[in-house]
Amino acid sequence: MKNSRDLKQKKLDLLESISRERSLPVTVQRRVVLDTLLDRQDHPTVDQLYEDVRERMPGVSRTTIYRALETLIDLGLARRTNHFEASARFDGNTEHHHHLVCRRCNRVADLDLPSLNKIPLPSLGSTGFEIIDYSIHLEGLCAECQKSSSKSMPKKQSAKRPRTAGR
């Protein structure tokens, strides 16, 4: 099995080869954004990537980060992951996998659990929608949030109607 340095170099080499195939320039910004994304395992937001890239390229703009990420997604070298109540996150791992999402700190972690890949996809019949890929997000509390707080997980709002006076 290759180590993470080899996998990272393979992705950076892919950026160059795919860009050449599509007649896209391999910009320093795209390379640094991909390199930075591959260094992180926490599915960073654009703002987090911007802060990291800005350390290496002080004059870079947030717009440049957005554009580089969109290009990397289009090239299949990065993915956008979303979950409710949080900003879009970006992932350098483009292999099929799932995610664990902490409800308290919004940390996102990869979950490679082969049994989740065996769940049968629903037939959507006459909707005309074709499923291309799917990702399961499991929500809960990460180990750090469980340790750092004695509070219980946020409770979901009840669907019960409020009681009225006189009942």
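For reference, positions follow the sequence shown, starting with 1. Every heavy atom of this structure was used, including side-chain atoms; hydrogens, water molecules and symmetry mates were not.
- Considering every non-hydrogen atom in both C142 and C102, the closest pair reads N-SG, 3.4 Å.
- D91 contributes atom CG, which lies 9.5 Å from atom CG of L38 (distance to the nearest 0.5 angstrom).
- For the residue pair A68 and Q29, the shortest heavy atom distance occurs at CB-O, 4.5 Å.
- The two atoms that bring F129 and L124 nearest to each other are CD2-CD1, 3.5 Å, heavy atoms only.
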*In sequence, state the C-alpha distance, the side-chain angles, and the governing distance for D47 and R62, and then conclude on salt bridge (charged side-chain N to carboxylate O under 4.0 Å, His left out).*
CA-CA 8 Å; D47 290 336; R62 190 173 267 111; 2.9 Å; yes

*asked:* salt bridge (charged side-chain N to carboxylate O under 4.0 Å, His left out), that's the test. Do R54 and E51 meet it? Break it down for me.
replied: CA-CA 5 Å; R54 200 169 65 164; E51 292 301 319; 3.0 Å; yes

Show which side-chain atoms of residues 30-37 pair as donor or acceptor with protein atoms under 3.5 Å away, not counting sequence neighbours.
| residue | atom | partner | partner atom | Å |
| --- | --- | --- | --- | --- |
| R30 | NH1 | P25 | O | 2.6 |
| R31 | NH1 | E16 | OE2 | 3.2 |
| D35 | OD1 | K8 | NZ | 2.8 |
| D35 | OD2 | R56 | NH1 | 2.9 |
| D35 | OD2 | R56 | NH2 | 2.6 |
| T36 | OG1 | V32 | O | 2.7 |
| T36 | OG1 | R56 | NH1 | 3.1 |

*Carefully, step by step, assess T27 and T71 under the rule side chain to side chain contact (heavy atoms under 4.5 Å, CB included).*
CA-CA 11 Å; T27 64; T71 300; over 6 Å; no

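- Taking the side chain as every heavy atom from C-beta outward, R40 and Q48 approach each other to under 4.5 Å.
- Summarising the geometry, atom CG belonging to D112 is positioned 9.5 Å from atom CD belonging to E95; distances are rounded to the nearest 0.5 Å.
- Here the straight-line distance linking atom CG of L111 with atom NE2 of H137 works out to 10.5 Å at 0.5 Å rounding.
- A donor-acceptor pair is defined here as one N or O able to donate and one able to accept, closer than 3.5 Å; no such pair exists between the side chain of E139 and the backbone of R103.
- By the ring pair (Phe, Tyr, Trp, His ring centres under 6.0 Å) test, Y134 pairs with H96, H98, sequence neighbours left out.
- Contact between K11 and G92 at its shortest, heavy atoms only, is NZ-O, 2.7 Å.
- The aromatic rings of H99 and H43 lie perpendicular to each other, with more than 60° between the two planes, well past the 30° mark.
- One distance of note links CG of L12 with CG of L7; it measures 11.0 Å at 0.5 Å rounding.
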